[in-house]
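So you know, we letter chains A, B, ... as the sequences are listed, proteins then strands, and number each from 1.
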Protein chains: 2
Amino acid sequence: MPRTADHDQRRRQIADAVCALISDHGLDAVTVARTAAAAGMSVGLVQHYFRTKDDMLLHAFTTVSARIRDRAEGHIRQGTEHRRPIARVMAEVMAEFLPLDEERRAEYRVALAFAGRALDAPALAEVDAETARRLRRDVARAVHNGKECGEVDPDLDPWPAAVRLTAVTEGLAMQVYRDGAGGAEGGGAGGEAAAAHCASVIEAELASVFTGECRQYADAPS
Amino acid sequence: MPRTADHDQRRRQIADAVCALISDHGLDAVTVARTAAAAGMSVGLVQHYFRTKDDMLLHAFTTVSARIRDRAEGHIRQGTEHRRPIARVMAEVMAEFLPLDEERRAEYRVALAFAGRALDAPALAEVDAETARRLRRDVARAVHNGKECGEVDPDLDPWPAAVRLTAVTEGLAMQVYRDGAGGAEGGGAGGEAAAAHCASVIEAELASVFTGECRQYADAPS
DNA sequence: TTGATAACCGTATCAGCGTACGGTAAAAAC
DNA sequence: GTTTTTACCGTACGCTGATACGGTTATCAA
């Protein structure tokens with residue numbers, strides 16, 4: 001066998017370049033040539049790993065979606081392992097989706113750009129829908145689990161609750177992004193005020209679902 | 001003075017063509033040539049009314065944003081004139097934003113496409129932010145008015161409430177769009193089930209803000 | 001009637017895009 | 001070393017897009 005290279009590593013490298021370009025200059029600025037330059041390779045090599053530009057974009061979107069998903073699921077898994085109150089874990093997961101620092105803002109820009117293009121690109125739309133479905137499913141599961149330990153009213157239907165919680169999260173993310181873009185930001189004080197503000201909204205929303213105390217498990221020590 | 005033409009009518013005609021193209025084939029499919037064809041005129045005439053393509057898109061976005069805004073504000077105005085319970089009026093306004101029928105779906109596609117492009121087009125972003133601000137302001141006002149007639153707890157801060165209500169609306173719109181796109185839809189039964197489902201979520205959300213009965217005004221006769 | 005001005009058209013121009021393709025270098029197998 | 005397969009490069013090609021521009025027609029003022 002001839003000369004070898006780490007296929008996945010290369011593809012990730014390209015996907016990262018795509019994301020950086022989108023975040024910095026928008027999806028329209030993503031060309032194969034620019035992507036290659038940003039990834040520090042030639043146009044031909046990009047073609048070697050992705051037959052078409054659409055393949056490249058799809059892989060980039062799949063990658064970021066997976067990253068976001070994993071972060072959320074990891075949060076949940078760790079929370080349940082440590083037997084922490086579900087409402088607390090959910091608060092963290094929801095906050096994870098808000099573009100409050102520059103890193104999440106970048107990620108949000110990428111996600112939104114792809115969401116826009118997904119309107120007439122079924123493959124992208126499917127990825128988008130799938131991640132949304134999984135998130136909603138996870139939240140619904142969390143609410144359901146909340147019943148068993150007494151945080152949630154046993155008569156509450158988990159599905160509408162999950163829909164509500166994911167909806168406020170997404171909607172809040174949009175508002176945070178729009179407001180943060182225009183003016184305040186810059187220093188950090190404005191951002192933190194916004195964070196506190198959001199936290200209170202999320203808290204209010206969670207309080208309408210997680211109405212009881214966690215009676216079965218004690219909070220983790222640290 | 002020479003040959004005259006209705007300037008605003010022409011510009012609206014072009015904006016409509018842009019929106020139709022976006023809704024049918026996405027923002028990337030919008031070219032000056034195609035827009036001209038869709039509007040039934042020549043490329044040169046489009047240029048006569050818009051110096052650049054960006055001007056054209058900006059005007060189109062401004063137009064649709066204004067339309068959406070006016071519809072919402074009209075709803076509110078009419079509701080307050082008829083002395084209807086504020087919670088009912090808000091429910092209608094929020095439902096107005098959900099892409100439940102094909103008309104709103106088309107509008108939603110246009111709005112989302114522009115939102116995506118707004119990420120690196122400050123002029124578009126400003127329009128987007130402005131409409132969001134105004135909507136939130138109107139909702140906050142409605143909540144505030146709710147205090148005077150007894151529908152809202154006097155101690156409730158209208159601003160976080162408005163943020164919550166607009167956030168769920170936006171988030172719900174996204175979910176409705178994504179789910180409706182993939183499978184069910186088609187007939188209308190699925191869509192109506194989704195509508196009922198959404199209504200219950202909105203109702204739950206409104207119930208957590210409008211906790212009292214409207215004691216000052218009677219409901220309108222018809 | 002006759003300019004003058006604005007509405008309107010069609011096309012040329014030029015840049016930037018995605019992709020095809022021929023070529024080179026390197027590493028594994030023998 | 002030779003061969004073979006793959007990683008990788010640079011460029012040429014075809015196409016499409018936005019914009020520039022010169023020309024034509026219709027209307028109003030004089």
Side-chain angles (χ1 to χ4, degrees), chain A residues 1-22 24-61 113-114 116-117 119-124, chain B residues 1-22 24-61 113-114 116-118 120-124:
Chain A
M1 269 298 187
R3 191 177 180 179
T4 106
D6 187 338
H7 223 72
D8 290 340
Q9 130 78 11
R10 280 304 204 199
R11 287 167 65 101
R12 230 174 313 145
Q13 184 180 352
I14 296 171
D16 287 346
V18 168
C19 291
L21 277 177
I22 293 178
D24 288 349
H25 305 102
L27 189 50
D28 291 325
V30 177
T31 71
V32 181
R34 261 197 282 268
T35 303
M41 60 180 73
S42 73
V43 180
L45 193 54
V46 174
Q47 289 182 291
H48 185 69
Y49 287 103
F50 296 102
R51 274 184 57 268
T52 69
K53 186 191 179 184
D54 284 340
D55 284 353
M56 182 180 84
L57 292 178
L58 177 59
H59 182 257
F61 189 35
F114 275 121
R117 197 175 193 95
L119 290 171
D120 46 312
L124 295 180
Chain B
M1 269 297 189
R3 194 176 180 179
T4 100
D6 188 338
H7 223 73
D8 290 340
Q9 130 78 9
R10 279 304 203 200
R11 287 166 66 101
R12 230 174 312 147
Q13 182 180 354
I14 295 172
D16 287 346
V18 168
C19 291
L21 277 176
I22 293 179
D24 289 349
H25 305 103
L27 190 49
D28 291 325
V30 177
T31 72
V32 180
R34 261 197 281 270
T35 303
M41 59 180 75
S42 73
V43 180
L45 193 54
V46 174
Q47 288 181 295
H48 185 69
Y49 287 103
F50 297 103
R51 275 183 56 265
T52 70
K53 186 191 180 184
D54 284 340
D55 284 353
M56 182 181 83
L57 292 178
L58 177 59
H59 181 257
F61 190 34
F114 274 122
R117 197 176 191 96
D120 47 311
L124 295 181

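Per the geometry, CG belonging to B:L45 stands 16 Å off P belonging to D:dA20, to the nearest Å. Atom-to-atom, CZ of B:R34 to C1' of D:dA18 comes out at 13 Å; the value is rounded to the nearest Å. A straight line from NE2 of B:H25 to P of D:dG17 spans 13 Å, rounded to a whole angstrom. Spacing between atom CG of A:D6 and atom P of C:dA26 amounts to 20 Å, rounded to whole angstrom units.
Checking side-chain atoms of B:Q13 against main-chain N and O of B:A39 turns up a donor-acceptor pair under 3.5 Å. Listed for the A:K53 side chain is a donor-acceptor partner under 3.5 Å among the backbone atoms of A:V30. With hydrogens and angles ignored, the 3.5 Å screen pairs no side-chain donor or acceptor of B:R117 with any backbone N or O of B:L124.
Between B:L27 atom CG and B:L21 atom CG the span is 10.0 Å, to the nearest 0.5 Å. The line from CZ of A:F114 to CD1 of A:I22 is 3.5 Å long, rounded to the nearest 0.5 Å.
Minimum atom distance to the side chain of A:P2 is reached by D:dT6, of the listed C:dG18, D:dT6, D:dT11. The side chain of B:A5 sits closest to C:dC8 out of C:dC8, D:dT19, D:dG10. In the set C:dT19, D:dT19, C:dC9, C:dC9 carries the atom at the smallest distance from any side-chain atom of B:S42.
For D:dA18, the base has no donor-acceptor partner in the side chain of B:Q47 [N/O atoms by modelled type, under 3.5 angstrom].
Distances shorter than 4.0 Å separate some side-chain N or O of A:R10 from OP1 or OP2 on D:dC8.
For DNA chain D, the residues of residues 48-58 of chain A within the heavy-atom distance limit of 4.0 Å (strictly under) are A:H48, A:Y49, sorted by number.
Judged as a side chain to side chain contact (heavy atoms under 4.5 Å, CB included), and not counting sequence neighbours, B:D120 has no contacts.
Comparing B:G44 and A:A33 by the nucleotide of DNA chain C whose heavy atom lies nearest to each, the residue mapping closer to the 5' end is B:G44.
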